[in-house]
Every structure is written in C-alpha cells, then in structure tokens.
> 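Got a structure here, written out as structure tokens. Questions coming.
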Amino acid sequence: VEQLNLYYTEEYRRMDLEREFSDKLQTKTRITVTRNRSNLLSVHKEGNDQVHLRVQEIFLRAPQPVWEAIGTFIVSPSTKTRRIIRDFISQNRPADALKKSGRTLKLTTQGVYYQLDSIYQALNSEYFNGEVKCHISWGKPYLKKRKRSISFGNYDGFSNLIKINPSLDHPKVPDYFIRYIVYHEMLHAKLENVLKQKTVRRAHHPVEFCESEKKFLEYEKAIAWEKKYIRLFIK
Ligand SMILES: [Zn+2]
C-alpha cells in the first residue's frame with residue numbers, strides 16, 4: 001500500500017475523481033486542475049450531458065466530505081453545501097490569495113449603450129415581484145476572433161452571478177433582445193433557488209423553465225432577432 005501511494009499522484013487523484021463524479025452524477029464529468037488564485041472552483045454545464053469542473057489544486061487534498069459537498073452542489077446547490085465548500089476554501093486558501101479574498105468579483109454593470117443594473121431591476125419588478133437576488137455584470141470580452149458558438153449570458157450558482165456577453169452592448173442590438181437574455185439568466189437564478197431542495201438531477205432548461213421563459217412579453221421577437229442576426233456574432 002505504501003508503495004502504491006507513491007504512485008498515487010495528483011493526476012491519478014484527478015482521474016479517480018472524474019470517474020467517481022461521472023458515476024455519481026450519471027453525467028460525463030471533466031475535471032481541470034488549475035492554479036488560479038482567485039477563482040477556486042467553478043462548474044460549467046456543457047449541454048445537458050457534460051459537466052466541466054475547474055478546481056484549484058488545493059481541492060486535490062480536500063477530504064471526502066468536501067468532495068461529496070461538491071457533488072451535491074452540482075446537482076442542487078444549497079446553503080449547506082456552499083458552506084462546506086466555503087469553509088474548506090477559507091481554511092486552505094492559497095497563501096498569497098488572501099489579499100484578494102472577497103475581492104474576486106469585479107462587477108461592472110455600466111455599458112456604453114446598456115446599463116445592466118437598471119435592466120435587471122426593471123425585469124425583477126416586472127416579472128419576478130422583486131424576488132430574484134443575484135449579482136449581474138458584463139463578462140470579459142472574447143479574445144478569440146473565430147468561434148463556432150456564442151453564449152450571450154450565463155448564470156453561475158456558486159457565485160450567484162449573471163454574466164452578460166459584452167458584445168451585446170452595441171447600438172445594433174435591440175433593447176428587447178438584451179432584456180430577453182437578462183430575463184433568461186434571471187430565470188436560471190430563480191429556479192436554482194426553487195429547485196435546490198430537490199435531489200434529482202434536472203435538465204438545464206426543465207419544462208417549467210421553458211414555460212416561464214415564454215412569459216417574457218417580447219419572447220417571439222427576441223428569438224426571431226437571434227435567429228436572424230446570430231451569424232454576426234459568430235463569424
Ligand atoms: Zn439557459
């Protein structure tokens with residue numbers, strides 16, 4: 001056993017975790033280990049059948065309960081799993097990242113044409129009774145020139161943050177389209193909270209999501225605009 005342990009490198013640990021997670025979540029799980037000092041853990045759902053987990057290397061030495069919490073967190077984030085993960089991070093934070101702690105989210109809502117915060121506030125009172133509570137920010141611009149697909153927005157449950165693609169801050173983008181993108185991500189934020197008690201794995205856009213999405217008054221218009229103009233963003 002002693003000798004085997006010598007060969008149990010971090011890479012083996014990573015592969016074991018990938019297998020364990022793919023089994024447990026019944027979803028192909030990819031784990032990337034990073035040395036990122038500000039973003040220690042992030043989960044990306046890639047379609048409905050793949051999960052990509054980026055973890056800082058401190059997590060390779062995390063005890064089993066922490067990994068169990070991460071597994072539960074992916075399926076249904078709850079206050080309890082968040083706390084277990086946060087506690088582990090605060091006790092194991094890479095030394096020179098301490099200065100940055102709490103400063104990791106740099107939110108910018110003011111664009112040149114659109115102001116995300118006022119869009120968010122207006123949608124929140126118009127559609128959500130003011131009940132959505134999350135952060136919103138412009139994301140970083142894409143550096144790569146060519147891309148095959150584009151994501152106009154995303155919601156990350158771990159940081160409770162909506163990020164909107166800054167290429168939408170453009171005079172040619174109609175306001176109903178950007179409002180639709182923000183509305184869509186706010187629905188994710190809302191459902192994350194509603195569904196967090198359920199333990200069953202759920203689709204990224206479950207039926208109730210799609211029904212709520214159509215309540216957005218300019219839904220048809222926004223979808224039509226997206227179909228017509230998406231190529232401008234992709235080429
Ligand atoms: Zn979505």
> Tell me, please, which residues at least two apart from Ala62 pass side chain to side chain contact (heavy atoms under 4.5 Å, CB included).
Phe59, Val66, Trp67, Phe88

> Which atom names give the shortest non-hydrogen contact between Leu116 and Ser137, and what distance separates them?
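Heavy atoms of Leu116 and Ser137 come nearest at CD1-C, 3.5 Å.
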
> CG of Asn165 to CD1 of Ile178: how many Å apart, nearest 0.5 Å?
9.5 Å

> Are Leu187 and Glu213 packed together at the side-chain level, in the sense that at least one heavy-atom pair is separated by less than 4.5 angstrom?
yes

> Quick check: does any side chain N or O of Trp138 sit under 3.5 Å from a backbone N or O of Thr109, one acting as donor and the other as acceptor?
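Yes.
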
> What residues form a side chain to side chain contact (heavy atoms under 4.5 Å, CB included) with Lys80, not counting sequence neighbours?
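Testing Lys80 for side chain to side chain contact (heavy atoms under 4.5 Å, CB included), a comparison that skips the adjacent residues, returns Ser78, Arg83.
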
> How close do Ser167 and Val173 get, heavy atom to heavy atom, and via which atoms?
O-CG2, 4.3 Å

> State which residues pass side-chain hydrogen bond (donor to acceptor under 3.5 Å, both in side chains) with Gln64; sequence neighbours excluded, sorted by chain then number.
Glu20

> Check whether any side-chain heavy atom of Thr32 lies under 4.5 Å from a side-chain heavy atom of Val55, and answer yes or no.
no

> Quick check: do Ile74 and Phe21 have side-chain heavy atoms less than 4.5 Å from each other?
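Side chain of Ile74 against side chain of Phe21, heavy atoms only: contact under 4.5 Å found.
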
> Report yes if some heavy atom in the side chain of Phe152 is under 4.5 Å from a heavy atom in the side chain of Tyr180; otherwise report no.
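SC-SC contact between Phe152 and Tyr180 ruled out.
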
> Tell me whether Thr81 contacts the main-chain N or O of Thr79 through its side chain, where contact means a donor paired with an acceptor under 3.5 Å.
no

> Return the orientation label for the Phe177 and Trp225 ring planes: parallel under 30°, perpendicular over 60°, tilted otherwise.
tilted

> How close do Lys133 and Tyr120 get, counting heavy atoms only, and between which atoms?
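Closest heavy-atom pair between Lys133 and Tyr120: CA-OH, 3.7 Å.
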
> At what distance, to the nearest 0.5 angstrom, does CG of Leu123 lie from CD of Gln121?
10.0 Å

> Rounded to the nearest 0.5 Å, what's the gap from OG1 on Thr108 to CD on Gln115? Could you check?
10.0 Å

> Which heavy atom of His170 sits nearest a heavy atom of Tyr114, and at what distance?
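Closest heavy-atom pair between His170 and Tyr114: O-CE1, 3.9 Å.
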
> Using side-chain heavy atoms (C-beta onward) and a distance below 4.5 Å, is Met186 in contact with Asn124?
yes

> Could you report the tightest heavy-atom contact between Asn39 and Asn36, atom names first, then the distance?
N-OD1, 3.0 Å

> Using the test side chain to side chain contact (heavy atoms under 4.5 Å, CB included), find all partners of Glu46 that sit at least two apart in sequence or belong to another chain.
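For Glu46 the side chain to side chain contact (heavy atoms under 4.5 Å, CB included) partners, ignoring immediate neighbours, are Arg30, Gln50, His52.
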
> Report the C-alpha separation of Leu161 and Ile136 in whole Å, then their side-chain angles, then the decisive distance to 0.1 Å, and conclude whether the side chain to side chain contact (heavy atoms under 4.5 Å, CB included) test is met.
CA-CA 6 Å; Leu161 171 67; Ile136 187 164; 5.5 Å; no

> Who passes side-chain hydrogen bond (donor to acceptor under 3.5 Å, both in side chains) against Tyr183, sequence neighbours left out?
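side-chain hydrogen bond (donor to acceptor under 3.5 Å, both in side chains) list for Tyr183, sorted by chain: empty.
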
> Give, for atom OG1 of Thr29 and atom CG of Asp49, the distance between the pair rounded to the nearest 0.5 Å.
11.0 Å

> Going by atom types alone, do Thr34 and Glu57 pair a side-chain donor with an acceptor below 3.5 Å?
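Their side chains do not contain a donor-acceptor pair, so the 3.5 Å distance test is not met.
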
> Would you say Ser151's side chain and Gly153's backbone share a donor-acceptor pair under 3.5 angstrom?
yes

> Can you tell me how far the OG atom of Ser212 sits from the OH atom of Tyr219, to the nearest 0.5 Å?
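Separation between the atoms: 11.5 Å.
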
> Find out whether Val132 and Cys134 are in side-chain contact, i.e. whether some heavy atom of one side chain is under 4.5 Å from a heavy atom of the other.
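Val132 vs Cys134: side chains touch.
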
> Can you name the residues that form a ring pair (Phe, Tyr, Trp, His ring centres under 6.0 Å) with Tyr155, not counting sequence neighbours?
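Tyr155 satisfies ring pair (Phe, Tyr, Trp, His ring centres under 6.0 Å) with no residue once adjacent residues are dropped.
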
> Examine Val112 and Ile181 and state if one hydrophobic cluster contains both, with Ile, Leu, Val, Met, Phe, Trp and Tyr joined whenever side-chain heavy atoms are less than 4.5 Å apart.
yes

> Which residues satisfy the salt bridge (Lys or Arg N to Asp or Glu O under 4.0 Å) test with Glu68, sequence neighbours excluded?
none

> With sequence neighbours excluded, tell me which residues meet side-chain hydrogen bond (donor to acceptor under 3.5 Å, both in side chains) with Ser22.
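In terms of side-chain hydrogen bond (donor to acceptor under 3.5 Å, both in side chains), with neighbours along the sequence ignored, Ser22 is linked to no residue.
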
> Could you tell me which residues satisfy salt bridge (Lys or Arg N to Asp or Glu O under 4.0 Å) with Glu18, sequence neighbours excluded, listed by chain and number?
Arg14

> Does a side-chain N-to-carboxylate-O contact under 4.0 Å join Lys190 and Glu131?
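Judged by the 4.0 Å cut-off on N to carboxylate O distance, Lys190 and Glu131 do not form a salt bridge.
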
> With sequence neighbours excluded, tell me which residues meet ring pair (Phe, Tyr, Trp, His ring centres under 6.0 Å) with His205.
His184, His188, Phe209

> To check you understand the geometry: which heavy-atom pair defines the closest contact between Phe73 and Arg82, and what is its length?
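Heavy atoms only, the tightest pair is CE1-CG, 3.7 Å.
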
> Which salt bridge (Lys or Arg N to Asp or Glu O under 4.0 Å) pairs, counting each pair once, include a residue from residues 169-180, with sequence neighbours left out?
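Checked against salt bridge (Lys or Arg N to Asp or Glu O under 4.0 Å) - neighbours excluded - the pairs reaching residues 169-180 are Glu126-Arg179, Arg179-Glu218.
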
> Can you list everything that forms a side-chain hydrogen bond (donor to acceptor under 3.5 Å, both in side chains) with Asn154? Sequence neighbours excluded, please.
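Per chain and number, Asn154 pairs via side-chain hydrogen bond (donor to acceptor under 3.5 Å, both in side chains) with no residue.
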
> Looking at NZ of Lys45 and CG of Leu53, how far apart are the two atoms once the value is rounded to the nearest 0.5 Å?
11.5 Å

